[in-house]
Amino acid sequence: MNRICSNMKLKEGEINNMYQQDTLETKVLLKWCKLLEYDFFRFFSQHLILFTSPMGANYNRPTDSVLPQFRKNLYTKEVIFYILEIIESNEKTQLEVINDYKIPKSTLRRWMTKYKIR
């Protein structure tokens, strides 16, 4: 805790309050990344990839489309493990994952077999 307080230039109570917050400012998150030597931004950006359009914002998609389409070519290990964790923890069913993230059923089954998930 002393190292954290020193690095963040905050008191122990302020750090403990930070643990309870739902959100953090990006500059605070950057400090945590440096302190813990873990790239939280990469974690979030990998998650956002699930919802980006294939060719960027100006891609010719139907005007009635609410959500961008899933980009098959961006299945990273982090994304795969995130999806499998959602299923394994019963946060979502396989069908919900297929519908929410537009992942083909065969691809999801292949991941589950390859990474030994039920």
Nearest-0.5 Å distance, CZ of residue R110 to CD1 of residue I103: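 One finds 11.5 Å between CZ of R110 and CD1 of I103.
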Atom OG1 of T93 and atom CD1 of I98: how far apart are they, to the nearest 0.5 Å?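 These two atoms lie 8.0 Å from each other.
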Who pairs with R42 by side-chain hydrogen bond (donor to acceptor under 3.5 Å, both in side chains), at least two apart in sequence or on another chain?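 For R42, the residues satisfying side-chain hydrogen bond (donor to acceptor under 3.5 Å, both in side chains) (neighbours in sequence not counted) are E78.
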Using the test side chain to side chain contact (heavy atoms under 4.5 Å, CB included), find all partners of E85 that sit at least two apart in sequence or belong to another chain.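 Scan of E85 (side chain to side chain contact (heavy atoms under 4.5 Å, CB included), adjacent residues dropped) gives none.
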Result block: side-chain N/O donor-acceptor pairs under 3.5 angstrom for residues 4-33, not counting sequence neighbours:
from: E14; atom 1: OE1; to: K11; atom 2: N; distance (Å): 2.7
from: N16; atom 1: ND2; to: E12; atom 2: O; distance (Å): 3.4
from: N17; atom 1: ND2; to: G13; atom 2: O; distance (Å): 3.4

Side-chain contact test, heavy atoms from C-beta onward, threshold under 4.5 Å: evaluate it for I86 versus E96 and give yes or no.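 I86 vs E96: side chains apart.
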Answer yes or no: is there a side-chain heavy-atom contact under 4.5 Å between K92 and Y101?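 The answer is yes, as the side chains (C-beta and beyond) meet within the 4.5 Å cut-off.
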So which heavy atom on Q94 is nearest to which on M112, and how close?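 The pair with the smallest heavy-atom distance is NE2-CE, 3.2 Å.
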Are L95 and Y82 connected, step by step, through hydrophobic side chains (Ile, Leu, Val, Met, Phe, Trp, Tyr) whose heavy atoms are closer than 4.5 Å?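 No, L95 does not connect to Y82 through the hydrophobic network.
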